[in-house]
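To keep things clear, I will list the structure first and then write my remarks on it.
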Amino acid sequence: MSFPLLTATAALPAIGAIATAAVPAAQRTVAKWVALLFSLSTLVLAGIVFARFEPGGDRYQLTESRAWIADFGVRYELGVDGIGVALLGLTALLIPFVIVAGWHDADPLETKSSRWRPTQGFFALILMVEAMVILSFLATDVFLFYILFEAMLIPMYFLIGGFGDRAHAGSDENAAKQRSYAAVKFLLYNLAGGLIMLAAVIGLYVVAGSFSLTEIAAARADGSLEMATNTERWLFLGFFLAFAIKAPLWPLHTWLPNAMGEATAPVAVLITAIVDKVGTFAMLRFCLGLFPEASKWATPVVIALALVSIVYGALLAVGQRDIKRLIAYASISHFGFIILGIFAMTSQGQSGATLYMVNHGISTAALLLVAGFLITRRGSRLIADYGGVQKVAPVLAGTFLIGGLATLSLPGLAPFVSEFLVLVGTFSAYPVAGIIATSGIVLAAIYVLVLYQRTMTGPVAESVRTMPDLKARELVVAVPLIALLLLLGVFPKPLTEVVNPAVKHTMSDVQKKDPQPEVEAAK
């Protein structure tokens with residue numbers, strides 16, 4: 001038997017979580033280094049997976065299949081395609097930065113009423129989330145994916161509810177209530193979607209007789225599996241609703257600003273840059289792959305909801321007074337672009353949507369983590385409490401600016417490529433939707449530049465006059481992320497090479513072809 005590389009890649013952070021949790025309570029620094037070592041080792045394995053993946057090869061590669069719950073037809077099946085390998089790389093890449101950025105976020109607080117902050121638990125939960133997210137990108141058995149989709153909610157619930165933003169350190173009782181509210185709201189929304197999805201998963205098994213994506217695809221190809229139109233549509237809605245909550249898509253988005261606002265900056269990155277990508281990834285793999293006709297039937301409504309997300313999220317970001325909530329609403333707008341690209345049903349749109357998942361993860365991580373460093377120094381998330389930071393901490397202000405410019409998709413930075421492809425793909429199929437979506441670009445420029453102007457320029461606020469610049473540990477986080485934004489902005493080929501063949505498979509699933517440009521005959 002060949003070495004189970006995919007299993008090893010997902011199992012390593014899970015083993016690391018156990019090892020980190022087992023470190024004695026007094027050895028907090030040891031626990032941090034153990035977690036970091038396992039995250040870096042996972043990154044190495046993810047790099048090997050990326051290197052071994054052949055873009056022109058089979059749809060699912062490095063496959064593994066073993067009997068699991070035989071009586072119910074459930075198998076432990078893994079396989080990676082071009083979209084999954086790109087998101088696997090994103091997850092493995094960001095977790096070490098999350099750990100380094102949150103190096104002191106779980107240290108015990110000295111305030112009288114604060115709860116004990118178990119450092120080992122904090123980093124163990126992060127690694128456990130990484131293991132589940134990676135495995136969800138690799139699972140080709142629908143029931144296995146469902147279990148992972150739901151299980152990752154538990155460690156995320158404790159990360160949000162148990163480890164709050166240090167900006168609330170002065171009002172622990174009120175902060176604890178807000179964290180608890182955000183964590184419960186996150187859990188209830190996602191559990192509700194998951195329960196509906198469970199009914200759809202069971203329905204799929206009744207209709208198809210299998211949970212395996214490859215078996216279902218083969219049955220469709222040879223004509224032995226035909227779903228009634230209404231059945232396919234109901235099953236699609238069950239899956240799509242769960243993914244739309246996770247994504248999040250308007251009007252199912254309201255849990256995200258609360259969760260990101262109350263979580264520490266590294267945990268907020270974990271939410272929006274990593275965990276939420278499972279929702280958009282699953283739309284491509286499961287909604288379009290399993291229910292192609294229903295996906296085309298739902299396209300007009302989904303595109304309308306995506307456009308609302310783009311404009312609504314951007315408008316609310318413009319009016320925010322809280323730095324982290326502003327970034328949360330900006331992310332809602334960006335997820336609207338991703339979903340728009342998926343359901344535009346063009347190769348440019350879906351390639352752009354996949355690249356957007358990766359590039360949004362990197363740009364949001366850069367902006368959020370630097371914002372977290374800023375908030376930790378001042379002890380406030382309110383924009384009005386800052387001013388003139390660039391004069392006292394120029395490196396912090398510079399990295400914050402680049403992260404913000406990436407968020408508004410400035411040409412030359414990675415998100416521009418993906419947003420451009422999404423808009424091109426949308427224009428070619430739905431011109432009016434493409435025109436409306438471009439308003440999100442204008443609004444993004446407004447909320448990013450206003451945020452930078454109010455926090456970094458102008459007279460130096462008294463509260464930031466002695467603010468230190470970025471330290472070595474913080475530069476280790478910020479500089480590589482900015483370098484990646486620049487590199488992928490001018491050279492996206494390493495990603496497009498693996499993504500484009502996978503997009504062709506998805507387009508084949510839904511039996512769609514790119515619209516041909518209309519050329520008037522010469523007179």
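Side chain of Glu130 to backbone of Ile95: no donor-acceptor contact under 3.5 angstrom is found. When atom types are taken as modelled, the side chain of Ser333 and the backbone of Tyr329 share no donor-acceptor pair closer than 3.5 angstrom. Within the 3.5 Å criterion, the main-chain N or O of Lys324 finds a donor-acceptor partner in the side chain of Asp322. In this structure, Ser351 contributes its side chain and Gln348 its backbone to no donor-acceptor pair below 3.5 Å. The backbone N or O of Gly79 sits nowhere less than 3.5 Å from a side-chain atom of Thr63 that would complete a donor-acceptor pair. Between the side chain of Asp58 and the backbone N or O of Gln61 there is no donor-acceptor pair closer than 3.5 Å. Distance alone, capped at 3.5 Å, is enough to place a donor-acceptor pair between the Glu64 side chain and the Leu6 backbone. No donor-acceptor pair closer than 3.5 Å links the side chain of Ser508 to the backbone N or O of Lys504. A donor-acceptor pair under 3.5 Å links the side-chain atoms of Ser295 to the main chain of Cys287, judged by distance alone. Put simply, the side chain of Trp255 gets close to the backbone of Ile245: a donor and an acceptor are under 3.5 Å apart.
The aromatic ring centres of Phe149 and Phe243 sit less than 6.0 Å apart.
Separating the OG atom in Ser136 from the CG atom in Leu87 is a distance of 9.0 Å, to the nearest 0.5 Å. From Asn190, atom CG reaches atom CG of Leu153 across 5.0 Å, with rounding to the nearest 0.5 Å. With rounding to the nearest 0.5 Å, the separation of CD1 in Ile342 from CD1 in Ile303 is 11.5 Å. Annotation: the span from Arg285 atom CZ to Thr506 atom OG1 amounts to 9.5 Å, rounded to 0.5 Å. The distance from the CG atom of Leu252 to the CH2 atom of Trp250 is 9.0 Å, given to the nearest 0.5 Å. Of the inter-residue distances, the one linking Leu451 atom CG with Leu367 atom CG reads 7.0 Å to the nearest 0.5 angstrom.
Legend: residues meeting side-chain contact (heavy atoms from CB on, under 4.5 Å) with Ala397, ordered by chain and number and at least two apart, are Gln390, Tyr452, Met456.
Residues Pro13 and Thr9 approach most closely at CD-O, 3.2 Å, considering heavy atoms. Minimum heavy-atom separation, Thr399 to Leu396: OG1-O, 2.9 Å. The minimum heavy-atom distance between Asp276 and Ala247, with the atom names listed, is CB-O, 3.4 Å. Shown here for Ser331 and Leu256, the closest heavy-atom pair between the two residues is CB-CD2, 4.5 Å. Taking each heavy atom of Ser212 and Asp141 in turn, the nearest pair found is N-OD2, 4.2 Å. When all heavy atoms of Ala414 and Asn359 are compared, the closest pair comes out as O-ND2, 3.1 Å.
When each of Phe145, Tyr60, Phe281 is tested with Phe137 by the rule ring pair (Phe, Tyr, Trp, His ring centres under 6.0 Å), just one qualifies, namely Phe281.
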Exercise for the section: List the steps and the verdict of side-chain contact (heavy atoms from CB on, under 4.5 Å) for Arg59 and Thr140. Expected result: CA-CA 11 Å; Arg59 181 171 189 174; Thr140 56; over 6 Å; no

Problem - side-chain contact (heavy atoms from CB on, under 4.5 Å) between Asn500 and Ser347, worked out - result: CA-CA 8 Å; Asn500 289 342; Ser347 58; over 6 Å; no

Practice task
Quick one: do Met260 and Leu368 satisfy side-chain contact (heavy atoms from CB on, under 4.5 Å)? Show the steps, please.
Solution key: CA-CA 10 Å; Met260 286 183 61; Leu368 252 178; 3.6 Å; yes

Practice task
Decide yes or no on side-chain contact (heavy atoms from CB on, under 4.5 Å) for Glu77 and Leu144, but give the supporting numbers first.
Solution key: CA-CA 8 Å; Glu77 284 193 352; Leu144 174 61; 5.8 Å; no

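Between Phe240 and Phe236, the two ring planes are parallel [angle under 30°; tilted spans 30° to 60°]. Using the six-membered ring where Trp is involved, His334 and His360 have ring planes that are perpendicular, over 60° apart on the 30 and 60° scheme. Between His253 and Tyr312, the ring-plane angle classifies as perpendicular under the 30° and 60° cut-offs.
Residues Leu148 and Val278 are not in side-chain contact: their nearest non-hydrogen atoms beyond the backbone lie 4.5 Å or more apart. Side-chain contact check for Val275 versus Met132: every heavy-atom pair is 4.5 Å or farther apart. Annotation: side chain of Val370 is not in contact with side chain of Val477 (no heavy-atom distance under 4.5 Å). Side-chain atoms of Leu410 and Ile402, non-hydrogen and from C-beta on, never get closer than 4.5 Å to each other. With contacts defined as side-chain heavy-atom distances shorter than 4.5 Å, the pair Pro257/Ile332 qualifies. For the pair Glu150/Leu198, no side-chain contact is recorded, criterion being any heavy-atom separation below 4.5 Å from C-beta on. Residues Val499 and Val358 have side chains not in contact (no heavy-atom distance under 4.5 Å, counting atoms from C-beta outward). Side-chain contact check for Lys277 versus Val133: every heavy-atom pair is 4.5 Å or farther apart.
Counting heavy-atom neighbours within 6.0 Å of Phe420 CZ, excluding the residue itself, gives a total of 12 or less. Heavy atoms from other residues, nucleotides or ligands lying under 6.0 Å from CZ of Arg233 number more than 12.
For the residue pair Tyr189/Thr254, the side-chain donor-acceptor check at 3.5 Å is satisfied. Under 3.5 Å, the side chains of Thr7 and Tyr76 contain a donor-acceptor pair of N or O atoms.
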